[in-house]
Amino acid sequence: MTMASDRLNHSDQVLNTVQQGNAAATSSLAASWCRSALHHGLDPAASRKQERLSAAGLAGLRDSNGELIAAAVPVLDQLFGNVGRTGCCVILSDIDGVVLEARSSASDAPLFDAIGLAPGGMWGESAEGTNGIGTCLVEQRPVTILRGEHFASRNIGVSCMDAPVFDPEGRLVAALDVSSARAEHGEALAALVAALVQDAARQIERDFFCMRYADARIVYSPDRQTGPRGRGVALLAVDRDDLVIGATRAARLNLGLGNKPFERPRPLADVIGDTSSSFDDSERAILRQALARSGGNVTQAARELGIGRATMYRRMERVGISPGQ
C-alpha cells in the first residue's frame, strides 16, 4: 500500500469518526479529532502549510520564556542522551505549541526539520489538529499520539510522547515532547519513552521551582493525593519565618491551596496541618505567622497570641516587623 493510499484511508477514518455524533463521548482521541474538525475547521487531508515563526518572533518568545528554558536545557540534554540514538527528537514548546528548543541527531535533523519539529514550528492543536504537543497542552495531561492517531494525514509518519510542564505557580507553560519517525518504533517503545518524558517534565518543574525560590528553604509537603499519580513533586518554598511563599502544582493539589499566586504568605504549620508550635519557639516567626493568619490585623493577631495590642507592637518593633509586613 502506498503512502498516498495510507493517507487517504486515514482521512476517511478520521472523518467517519467525526461524523459519528457520540464518538467524542467514548474516546479522548475521538474528542480531539472532533475538536480539530468541528471547532478548528481543519481538514485531515490538507497538505502541510509549513508555517514557522520568524527568527525575530522566535527570539522574542525564547526571551520571554528565558527562566523556563534555563531550567529545561540540562534536562533536555539528558533526555536526548537517553533517546537520541534510537532516532527520536526531543522538543520543548511554549504554551501555544511553538517549538522553543529541539534536540535531534545530525542524521535525523533534516527529516524532523521537514516535518516541522524544529525551533519555530507551530504544533498547537488549532494549527495541526490532534498531535502530541497540541493535544497535551489542550488536555493538560501526558498523552501519546501514535502514527495513525494524528488528525492530519500528513503527520501519520510520526509518533509523539508528551507531558505538560507547569511553572512554579502551578500554571501550564510548556509541553515536553519526544517524537519518532521510525516505523519500527511501536507501542512498547512508546510506553517506555512516555515514562521518561513524564519523569523529565517533572524534573524541569522541580528545577524551575528551585531556581525561582533559590533564597527560600525548599521542603517536601505531605503526600495526600487521591487522584492519579505522576502530577509532580509536592514542594513548598518557606522563608526564614516558616511562612510558605510558594508551592508546586502537586503541592497545591495535595494540600488544597488553589491555583492562584499567594496574596499573603501562609504559616507552614497551617498549610501542612501541624499547629504544635509554641510562642517560645521563635518570636519573630510566631508573630509573623499570627499576622498572616489575621490578614495583617494586629489586634486580632495579638488576641490570638493572648497578649495586648501594645505588647504586640513592642514585640514586633523588637524583632523588626513593621505593620503590614
- Taking the side chain as every heavy atom from C-beta outward, state whether Leu196 and Leu79 have any atom pair closer than 4.5 Å. yes

- Message: Please give me the minimum heavy-atom distance between Ala46 and Arg154, naming the atom from each residue.
- Response: O-NH1, 2.8 Å

- Message: Measuring from atom CD1 of Ile145 to atom NE2 of His150, what distance do you get when rounded to the nearest 0.5 angstrom?
- Response: 6.5 Å

- Do you know which two heavy atoms are closest between Met312 and Ala302, and how far apart they sit? CB-CB, 3.7 Å

- Shortest non-hydrogen contact from Ala102 to Leu117? CB-O, 4.4 Å

- Message: Nearest 0.5 angstrom please: Leu111 CG to Cys89 SG, how far?
- Response: 8.5 Å

- Message: With rounding to the nearest 0.5 angstrom, report the CE to CG distance, Met211 to Asp207.
- Response: 8.0 Å

- Message: Rounded to the nearest 0.5 Å, what separates atom CE in Met316 from atom CZ in Arg288?
- Response: 10.5 Å

- Message: Please find the pair of heavy atoms, one from Gly170 and one from Arg252, that lie closest to each other, and give the distance.
- Response: N-NE, 4.3 Å

- Message: Please determine whether side chain to side chain contact (heavy atoms under 4.5 Å, CB included) holds for the pair Leu38 and Val18, giving the CA-CA distance in whole Å, both sets of side-chain angles, and the decisive distance to 0.1 Å.
- Response: CA-CA 8 Å; Leu38 303 177; Val18 170; 4.0 Å; yes

- With sequence neighbours excluded, residues passing side-chain contact (heavy atoms from CB on, under 4.5 Å) with Thr311: Ile307, Arg314, Arg315

Residues 173-182 side chain polar contacts: donor-acceptor under 3.5 Å, at least two apart:
unit_1: Asp177; atom_1: OD1; unit_2: Ser179; atom_2: OG; d: 3.2
unit_1: Asp177; atom_1: OD2; unit_2: Ser179; atom_2: OG; d: 2.7
unit_1: Ser180; atom_1: OG; unit_2: Arg182; atom_2: N; d: 3.3
unit_1: Ser180; atom_1: OG; unit_2: His185; atom_2: ND1; d: 2.5

- Task: For the pair Leu287 and Leu305, evaluate side chain to side chain contact (heavy atoms under 4.5 Å, CB included) and give the outcome as yes or no after the intermediate values.
- Result: CA-CA 8 Å; Leu287 289 173; Leu305 295 173; 3.8 Å; yes

- Item | Side-chain donor/acceptor of Asn131 to backbone N/O of Ile133, under 3.5 Å | yes

- Note on the structure: Contacts of Gln140 meeting side-chain contact (heavy atoms from CB on, under 4.5 Å) (sequence neighbours excluded), chain-then-number -> Phe166, Leu172

- Task: For residues Met122 and Leu53, report the shortest heavy-atom separation together with the two atoms involved.
- Result: CE-N, 3.5 Å

- Task: Write down the atom of Ala251, the atom of Leu257, and the distance for their closest heavy-atom approach.
- Result: O-CD1, 4.2 Å

- Message: Going by the rule side chain to side chain donor-acceptor pair (under 3.5 Å), which residues pair with Asn65 if we only count those two or more places apart in sequence or in a different chain?
- Response: none

- Message: Holding to salt bridge (charged side-chain N to carboxylate O under 4.0 Å, His left out), I want the full list of residues that pass it with Arg103, two or more places apart in sequence or in another chain.
- Response: Asp77, Glu101

- Would you say the side chain of Trp123 lies within less than 4.5 Å of the side chain of Asp162, judging by non-hydrogen atoms? no

- Task: State which residues pass salt bridge (charged side-chain N to carboxylate O under 4.0 Å, His left out) with Arg212; sequence neighbours excluded, sorted by chain then number.
- Result: Glu67, Glu169

- Query: Who pairs with Val238 by side-chain contact (heavy atoms from CB on, under 4.5 Å), at least two apart in sequence or on another chain?
  - Reply: Arg217, Val219, Leu236, Asp242, Val244, Leu268

- Query: What about Val158 and Val98, same hydrophobic cluster or not, with Ile/Leu/Val/Met/Phe/Trp/Tyr joined at side-chain heavy-atom distances under 4.5 Å?
  - Reply: no

- Would you check, one step at a time, whether the test side chain to side chain contact (heavy atoms under 4.5 Å, CB included) holds for Gln203 with Asp199? CA-CA 6 Å; Gln203 185 177 345; Asp199 287 344; over 6 Å; no

- Query: Side chains of Arg249 and Glu205: does their closest heavy-atom pair fall under 4.5 Å?
  - Reply: no

- How would you list, by chain and number, every residue that makes a ring-ring contact (aromatic ring centres under 6.0 Å, His included) with Phe112, sequence neighbours excluded? none

- Between the side chain of Ser64 and the main-chain N/O of Leu61, is any donor-acceptor distance below 3.5 Å? yes

- With sequence neighbours excluded, give me every salt bridge (Lys or Arg N to Asp or Glu O under 4.0 Å) pair touching residues 32-45. Arg35-Glu125, Arg35-Glu139

- Here the gap from Ile95 atom CD1 to Arg171 atom CZ, rounded to the nearest 0.5 Å, amounts to 9.5 Å

- Test Arg202 against Arg206 for side chain to side chain contact (heavy atoms under 4.5 Å, CB included), laying out the working first. CA-CA 6 Å; Arg202 303 295 78 80; Arg206 182 199 67 194; over 6 Å; no

- Message: Checking Ala237 now: which residues fulfil side-chain contact (heavy atoms from CB on, under 4.5 Å) with it, not counting sequence neighbours?
- Response: Phe209, Tyr213, Ala216, Ile218, Ile245

- Item | Point-to-point distance, once rounded to the nearest 0.5 Å, from CG of Leu68 to CD1 of Ile204 | 7.0 Å

- Message: Taking side chain to side chain donor-acceptor pair (under 3.5 Å) as the definition, give me every residue that meets it alongside Ser107, ordered by chain and number, with sequence neighbours left out.
- Response: Ser105

- What residues, two or more places apart in sequence or in another chain, satisfy ring-ring contact (aromatic ring centres under 6.0 Å, His included) together with Phe80? none

- If you group Ile, Leu, Val, Met, Phe, Trp and Tyr by side-chain heavy-atom gaps below 4.5 Å, do Leu42 and Leu15 land in one group? no

